[in-house]
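Notes follow the structure.
Everything quoted here is computed from the prediction, not taken from an experiment. Just so we're on the same page: letters track the sequence lines, and every chain starts at 1.
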Amino acid sequence: MAGAHAHPNYVKIWVLLLVLLVVSIVGPELGIPWLTLLTAFGIALVKTYYVAAYFMHLNFEKKYVWFLLLISTVLLGVFFFGVASDIMKTDGQNWQDCIANNTCAEQQRYFVIDGDGQLR
Amino acid sequence: MGQTTVTHDSHAAHGHDHHEQSFIMKYFFSTDHKIIGLQYMFTGMFMAIVGGYFAYAFRMQLAFPGMEVPLYGTVGPGQYNMLITNHGAIMIFWVAMPVLIAAFGNILIPLMIGCDDMVFPRLNRLSYQIFLLSVVVLFMSFFVQGGGFGGAWTSYPPLSAVAEYNLTDWGASLWLIAVALEFVAFLIGGINFVTTSMNARAPGMRMTDIPIVVWMIVLASIMFMASVGPLIAGSVMLLMDQRVGTTFFVPSGGGDPVLWQHLFWFFGHPEVYVVLLPALGIVAEIMTTFARKKLFGYKTILYTTFATGGLAFVVWAHHQFIAGIDPRMANIFLVTTLLISIPIAEILFSYVATLYGGSIEFRTPMLWALGFLVTFLLGGVTGIYLGSSALDIYFHDSYFVIAHFHSTFFPIAIIGMFAGLYHWYPKMFGRMMDETLGKIHFWGTIIPFNGIFLPLFLVGMAGQHRRIYNFQHFPDLATADLQGIRVFATVSLVTMLLFQFVFAYNFFVSMFKGEKAPANPWKSNTLEWTVPSPPPHGNFAELPTVYRGPYEYSVPGNKEDYWPQNMPDRN
Amino acid sequence: MIEYFVPSASTYAGDIDFLFDMITVIVGFWFVMVLAVMTYFMVRFRRKEGVRASYISGDPHSQKKWTHYPHYSVIALDVVIIVFTVMVWVDVKQTLPQAEDKIRVVGQQWSWFFIHSGPDGKLGTEDDVSTVNDLHVKKDTVYHFELESRDVLHNFSVPAFRLRQDTIPGRTITGWFEPNKTGVYDIQCAEICGYGHGIMGATIVVHEDQQSYDAAMESIRNRTYESDYQKRLQKMTVSTASNSESFTDKLLSSF
Amino acid sequence: MSMQGPLATSRSATGIPTGRLGVWWLLASEIFIFGGLIACYILYRLNNPWWGGEAVFTKVPAGAFNTFVLLTSSLFIVLAHDAAEKKDFDRAFKFIWYTIGGGGVFLLVKYYEYSSKLFADDPELLKTPLTNTYWSFYYTATGLHALHVIGGMVIMALISFDLRKGFNPHRVELIGLYWHFVDIVWIFLFPLLYIAK
């Protein structure tokens, strides 16, 4: 058992997390787009940091565990940006998403969805 | 070390507990890494027979369209699609991975790093049981109504997502579940491999004293873990599409089929390296042993392997050059794809340089290892054609692609497997295999193999595309010349399959009648050769301490030309 | 080398064939070199009684250079391949020359549906001419095609033009080609599309001049057109059945 | 089967105990599974701005309450780990069951949310996985997460009885790491699915 590290005050971290939670709910209610992004996702990152660093003891763990988890997220970023050029847009060079743009010439009549979401 | 004394006591107690096990407990519910490795190996070899049988059936159909294939029956279009789909999936997911990573990983890692078992033996057993379950589910998928899934191993939606399109309602779902279960099994196994080799190394074993094959299997496991996650999520989404009727990948409901292609190839391309690396590792062990040479540039090979592993994650879209991705992206992936040829070339050069100045003995394992290099070289250089995006316009989904990736996957999965098997057979079963039969098997495999796939490069250049059960609907492809090439390839395939009986005979007869193997028949350095063949439960009577790297062959000043890793003094 | 097997019938086919030849020279050189070196080593350093292998770690630079120098030249050759590839790729897939005529290609399980733009050169108008499995184009005319799919992925592949592009349901993909050789060629579906993937062929007819093209269009409008695809299929089924049989017999008897 | 593990398990060349190292690798691979799903969701979301109008139908208070519940249960499990390290096994047992209780509350709230959408009488409020891709993602992501919650609860229940007898106290830390990870996934799912409109 590793037990040599000093223990943080868990209850204090918990209270901090709850405060952050309240901020992240109240922030978006104001309806300002940049504030929504900041409070919703920025605070999610902060919360993640506190849970990981103190509850999961990452701050007292060998450094390469951080490294391991960071590499994982970086690779996910690679995946995201590699894919984004295709999936995140409705048109690009010499192609367009004709369903989203409503420009399909031959396809529309084939794509009818009835009430329960099944293909025609 | 205080730890060592403690472990010795527990070891004695441990060995004692296992004395009175029944046959079933010993061979079916064992947590011993060697038994689990053998379970993986036999399951993988059984699946190789199934995959080979499928290949036989559809190649016969291609050579003699409409004929009743002996031992199979008539191959219709639906049957044909099912055969090619499952041939591909079986050979990659149920042959290459279990044999190269799971079987060799399980057998070799604890023996080579000098410990008594995997660190999570019961997790190891669970991994095999999930794998076995995936095999059962896969077989179920062949027999449900509508037949087995026929949407190719890539299972591109919407074809795979909507039963009205693929006509194999439950076949597709069971196939997908089987693949997902297989992923889970290897995730668990991979965690075990990585943790074992990170934590349980013998005292004195530094990072650079680890045999290359262990490094390779561990890196492969890490790459597998990192690449398969998004595809597991994607499989859940595709399964929802199939069974619940959501439209994640169906454009009519707002989904995007191209997303699946990205998810699949983000896994699928690293997967190539996942199976390549263990095979490269096996070949390195064999080449150094039989050339009596130190591996040329251990660290160079290690670093280039890291580079390969990293680059493998940024090349995936070269499978999609003309699959509808934005053409500007293709240029980026073209560059990364050609970049990856650089570390791989460096590794191959180092392997060839290992031969320089050696004392090469052409025993059966060495023949397979050299055969691996030559065939893989062919597969590697033909990859340049396909990595070149503009040329891929012509070659995409043609037989050139088939010939290319069989020239890489066959050496990886089959030649690599045989090389490892011939090399470690004495350690696994305690008996030697017959040399002459082994050499017959080698030449009888390698020559027909090229007889199959060299002609397929030609038909690929002639514009013949994949996954067609009968070329009579394509006038340009149904010429007598091309048909002649197809017949030649099929005849070669049958020849190659027939030569595998030589192996089967050698394998099973040697298991009982072969010459008894000494502990170190090849005079090799690594730790697994310091224990009796086969190793007892718990492997090492006394846990070894490591003094040097694994490839100290022909060291000047030593009497013998090998120097085991755990030998304190000069040999 | 490809034109030995398949005629080269579009303006960019030659570029792609050139790329193939260039890469063949480059990788062929390396393939032969490595094999030659390996063979030499295998023969020269085979086991001989009393001769011990030398101890070479490959770590000092004086030894490493033997793998590094070839390695640098691999990098240089990679750059050459990348440059030429990007040039061809940009030409074929990224830039669209001015269109002289337009067609729409629609893939469906399991046939091809073609819409010719008709005399006005515009799609979606009254005078469009649609066919199933028969595409008619004029020689030396720049065509823009719009690819669509009605159900699953297909791939519009014309080997003689060195043209291949997936069709994706829900997307419209635009591309171009310019035929420069008259003839009748195969169109294939090169992406698995289900049960009937193996029968999803079609025919492209490249007409020498406007006249013969107009005649074909006229006959389609009058419903007097005899499908070139069907004609080819019928002719071929007869000929290959006999040919392949005899060839097979020959081959088998030679064993 | 002997309870005695192989001595390989007791080695620690990295300085991290084997069990914990294994869990870190497990979590790394879980990052890819959930990360892949979330990446797909974000890609679609950015391509379909109108999904914000669908997110209005989620119940933010319920989601917020669930975040609170998971954060609190994370505190409980870390306190259980603390107690186990101090060899106070009864206290650790108690806190483990508090954590399981937290998971139970979480699932109850989830059940309430699901049922109020799946079986709504008002067609405006009826949201099934087939309604559109936003709801497909909603049910898939939260469902996969809920499966992880259930899995964690089962494992905690299994180890709690051994723990009370003092066997394998290090397992509390291992399941704790997993539970915190499940918590973190929810920390991301909550703003992605509920808050961003």
* Side chain / backbone / both / neither for A:L58 at chain D, heavy atoms under 4.5 Å -> side chain
* Evaluate whether atom NZ of A:K62 has more than 12 neighbouring non-hydrogen atoms of other residues, nucleotides or ligands under 6.0 angstrom away. => no
* Would you call A:Y50 and A:F55 a side-chain contact if the rule is heavy atoms closer than 4.5 Å? -> no
* Which of the residues A:I25, A:T73, A:L37 is involved in the greatest number of heavy-atom pairs with chain D at under 4.5 angstrom? -> A:I25
* **Contacting moiety of D:Y194, where chain A heavy atoms sit under 4.5 Å** => neither
* **A:L68 portion near chain D, given a 4.5 angstrom heavy-atom threshold** => side chain
* Give the member of D:T72, D:I42, D:D183 that has the highest number of heavy-atom pairs under 4.5 Å with chain A. => D:T72
Show the atom names and distances, to 0.1 Å, of all donor-acceptor pairs under 3.5 Å that link a side chain in residues 94-102 of chain D to residues at least two apart or in another chain.
unit_1, atom_1, unit_2, atom_2, d
D:W97, NE1, D:S160, OG, 3.1
D:T99, OG1, D:I77, N, 3.4
D:T99, OG1, D:F95, O, 2.8

* Structure fact -> All heavy atoms of A:D86 vs all of A:W95, minimum pair found to be O-CH2, 3.4 Å
* **Flag side-chain contact, heavy atom, 4.5 Å: D:Y111 against D:F106** => no
* Asked: Of the backbone (N, CA, C, O) and the side chain (C-beta and beyond), which part of A:I87 lies under 4.5 Å from a heavy atom of chain D, both, or neither?
  -> both
* Asked: Do you know the tightest heavy-atom contact between D:S136 and D:P129?
  -> OG-O, 2.7 Å
* **Option in A:L69, A:L75, A:V65 with maximal non-hydrogen atom pairs under 4.5 Å from chain D** => A:V65
* Asked: Where does D:T128 contact chain A at under 4.5 Å (heavy atoms): side chain, backbone, both or neither?
  -> neither
* Structure fact -> Ranked by heavy-atom pairs below 4.5 Å to chain A, first place among D:Y44, D:F68, D:W179 goes to D:F68
* Select one option (side chain, backbone, both, neither) describing which atoms of A:F79 are under 4.5 Å from chain D's heavy atoms. => side chain
* Asked: Donor-acceptor pair, A:S24 side chain versus D:P191 backbone, under 3.5 Å?
  -> no
* **Region of D:N48 that comes under 4.5 Å of a non-hydrogen atom in chain A** => neither
* Asked: Given side chains that start at C-beta, do those of D:M156 and D:V172 come closer than 4.5 Å, heavy atoms only?
  -> no
* To do: Evaluate the side-chain proximity of D:V78 to D:H180: yes if any heavy-atom separation is below 4.5 Å, no if none is.
  => yes
* Structure fact -> Under 4.5 Å to a heavy atom of chain A? For D:T131 that would be neither
* Structure fact -> Heaviest contributor of heavy-atom pairs below 4.5 Å to chain A, chosen from D:I195, D:N132, D:L71, is D:L71
